[in-house]
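In what follows, chains carry the letters A, B, and so on, assigned in the order in which the sequence lines appear, proteins first and then strands, with residues in each chain numbered from 1.
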Amino acid sequence: MEDYSAKPAIENLDDPPNSRLFVVASRSVTEDELRNGFCSFGDIQGVWVVKDKQTKESKGICYVKFSKSSQACLAMEEMHGKVLVDGTKPIKVFIAQSRSSGRHRDVEDEELTRIFVMIPKTFSEDDLKDTFKEYGDIEYCVIIKNKSTGESKGLGYVRYYKPSQAAHAIENCDKSYRAILAEPRTKQSNNEEYSGGGAPRVEYASGVAGGGVDSMNQYGFQMAPADPGNYQVMDYRSGEFSRCLMVSTRAALTQEQLFALFDLIPGMNYCELQRDSYGMSKGHALIRYNNYGSAVYAKEKLNGFEFPPGNRLQVNFVDDGEDHSSSVSRMASQFVAAQMFSTAYNGPSSSQVMKHPSYSSAPQMSRIQTNVSLPSLKKLAPPDSRSKERLFVVFNPAPLPVDILEDVFCRFGSLIEVHLVPGRTVGYMKYADKKCADDAMAALHGQVVNGVKMKVMLADPPREESHKRARTY
DNA sequence: CGACGGGACGC
DNA sequence: CGACGGGACGC
């Protein structure tokens, strides 16, 4: 572009792919005006107005290069049809064709809104949607299945409404999904499946990112982001609360797992899995706290919580045979709930202990529950550090959330990143320093954290990068 | 005792 | 309709 000092090779003009805009504007529009009009959408790497070789007059076509495809797409979505300079014609904005592809058709939204991903075979289309909705409004999700058996092939398509959303997903989703733009279907089929096929997409959906607000939508005990409104919604005057909770679970959970989970809230003094006469779990457990606020809070946080992932716990109050409608107990429960909530809400995002300075009778609540004596928190090594050692970790029964794992595994120093294998119960811990990895392994192998047992081993070296297809986004 | 990769839609 | 310039690091 116009920055000669960093002149990109021709083949880099579209690196990353779809990060360059083709703009049709009035011949009077200057590069500065373009830069001004587009700079709010991202990092502009270059602006170029194409001019006639001889006369040096603008031909009314321009290129704007962004550093990311999502920025270019957003700029396109927002600026197409806008008047850039008063009194000039509205501009047209498209993703530029890559310079090597000798095409002469506009790049259509159809080609920019559907991504192709690799997913665990256990994923349902709803799982797929849940995973990718954080990047934008999804029109539909499809999983490729064996036509006779109906079993998933571990591949899926996600159609977004906007190119910027698909780009956002490709840029930000976990690398293991290997998200790329889907090649358009070979023929334009005439059927009306998904209502996307034939008709050109004219207008984008109006809503902002699909606001499915499940505060518990990913497994992991998410303390921080809970919606403050939840607390006002709770009706403390109804008398519909107590210190006792009944947990119902369809999946077989051990008493230890339930204990670890509900003991995250301070004040638990009883946890018993109900068994039948053969000692088999009946799928119910009784929990009791020593105060109303903890029980209220536990129900609020853990009802609907998925543990293990895919198994929603149901948590309800059960009668503890006490009169808790008095103003004293009401105030007490409100007080504790508010205390705990504000601590959780304002508290350190990845720290080990939550202190309750003005409520001394509450034990300290840790989001990490383990017998291991953990060193203090350490900083993560920069993401671009060279990995010197990788640990392979097997979780039982289910993987711990990434933020918890970071919290635990960082404490031995030089942790670069935590990587969970989607759909499996295993993960990798990348360390920049071999000794740190060895220390972590020695301290954590065979240990239990938040009710999850871990095997911590040295990872086999990754298989050599073979003939990998270039990503086409 | 678990493992990273890989890849395409009934025309 | 509306598709691809100008000019040089440092061996």
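Among the atoms of the strands shown, base atoms are found under 4.0 Å from some heavy atom of A/Arg114. Here A/Lys92 lies in heavy-atom contact (under 4.0 Å) with a base. Looking at heavy-atom distances under 4.0 Å, A/Val117 makes contact with a base.
If you check distances only, the side chain of A/Arg390 does reach the base of B/dC4 with a donor-acceptor pair under 3.5 Å. Applying the 3.5 Å distance criterion, the base of B/dG2 shares no donor-acceptor pair with the side chain of A/Asn396. Donor-acceptor pairing under 3.5 Å, judged by distance alone, is absent between the side chain of A/Arg185 and the base of B/dC11. Under 3.5 Å, the side chain of A/Arg20 and the base of C/dC4 form at least one donor-acceptor pair of N or O atoms.
Whole-Å rounding puts the A/Ile144 CD1 to B/dC9 C1' distance at 5 Å. The NZ-P distance, from A/Lys121 to B/dA3, rounds to 12 Å in whole Å. Separating the CD atom of A/Gln54 from the C1' atom of C/dG5 is a distance of 13 Å, rounded to the nearest angstrom. In this structure, CD of A/Glu31 is placed 13 Å from C1' of C/dC4, rounded to the nearest angstrom. Atom CZ of A/Phe395 is separated from atom P of B/dA3 by 13 Å (rounded to the nearest Å). In this structure, CD of A/Glu57 is placed 18 Å from P of C/dG5, rounded to the nearest angstrom. Between the CG atom of A/Leu128 and the C1' atom of B/dC9 there is a distance of 14 Å, rounded to whole Å. One atom, CZ of A/Phe22, and another, C1' of C/dC4, lie 9 Å apart when rounded to the nearest Å.
Between A/Ala25 and A/Lys51, it is A/Ala25 whose nearest contact on DNA chain C lies nearer the 5' terminus.
Picking from C/dA3, B/dA8, B/dG2 the nucleotide with the shortest atom distance to the side chain of A/Ala96 gives C/dA3. Which of C/dG5, B/dG7, C/dA3 sits closest to the side chain of A/Arg99 comes down to C/dG5. Between B/dG6, C/dG2, B/dC9, one nucleotide has an atom nearer to the side chain of A/Glu183 than all others, and that is B/dC9. Checking C/dC4, B/dA3, B/dG7 against every side-chain atom of A/Ile180, the shortest atom distance belongs to B/dG7. Side-chain proximity of A/Lys89 to the nucleotides C/dG2, C/dG5, B/dG6 is greatest for C/dG2. You'll find that the side chain of A/Leu155 is closest to B/dA8, out of B/dG10, B/dG6, B/dA8. The nucleotide whose nearest atom lies closest to any side-chain atom of A/Tyr63 is, among C/dG5, B/dG10, C/dC4, C/dC4.
Taking the side chain to side chain contact (heavy atoms under 4.5 Å, CB included) definition, one finds that A/Thr30 meets it with A/Asp32, A/Glu33, sequence neighbours left out. Residues that satisfy the salt bridge (Lys or Arg N to Asp or Glu O under 4.0 Å) test with A/Asp433, not counting sequence neighbours, are absent from this structure. Applying the side-chain hydrogen bond (donor to acceptor under 3.5 Å, both in side chains) rule to A/Lys145 yields the partners A/Glu125; only residues at least two apart in sequence or on another chain are considered. Listed by chain and number, the residues in a ring pair (Phe, Tyr, Trp, His ring centres under 6.0 Å) with A/Phe22 are A/Tyr63 (sequence neighbours excluded).
Residue pairs satisfying the salt bridge (Lys or Arg N to Asp or Glu O under 4.0 Å) criterion with at least one member in residues 379-390 of chain A, sequence neighbours excluded, are listed as follows: A/Glu389-A/Lys434.
Using a distance-only test at 3.5 Å, with no hydrogens or angles considered, no donor-acceptor pair links the side chain of A/Asp43 to the main chain of A/Ser67. Within the 3.5 Å criterion, the main-chain N or O of A/Gly304 finds a donor-acceptor partner in the side chain of A/Arg312.
A salt bridge links A/Glu110 to A/Arg159: at least one charged side-chain nitrogen sits closer than 4.0 Å to a carboxylate oxygen.
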Next on the checklist: Run A/Ser376 and A/Lys378 through side-chain hydrogen bond (donor to acceptor under 3.5 Å, both in side chains) and show every step you take.
Outcome noted: CA-CA 6 Å; A/Ser376 63; A/Lys378 307 285 187 305; 3.2 Å; yes
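Applying the 90° criterion around 0 to the glycosidic angle, C/dC1 comes out syn.
Within residues 426-433 of chain A, the residues approaching DNA chain B are A/Val426, A/Tyr428, by heavy-atom distance under 4.0 Å.
Residue ring and nucleobase are stacked for A/Tyr157 and B/dC9, with a centre distance beneath 5.5 angstrom and an angle between planes beneath 30°. The aromatic ring of A/Phe392 does not stack onto the base of B/dG2, failing the criterion of a centre distance under 5.5 Å from the six-membered base ring together with planes under 30° apart.
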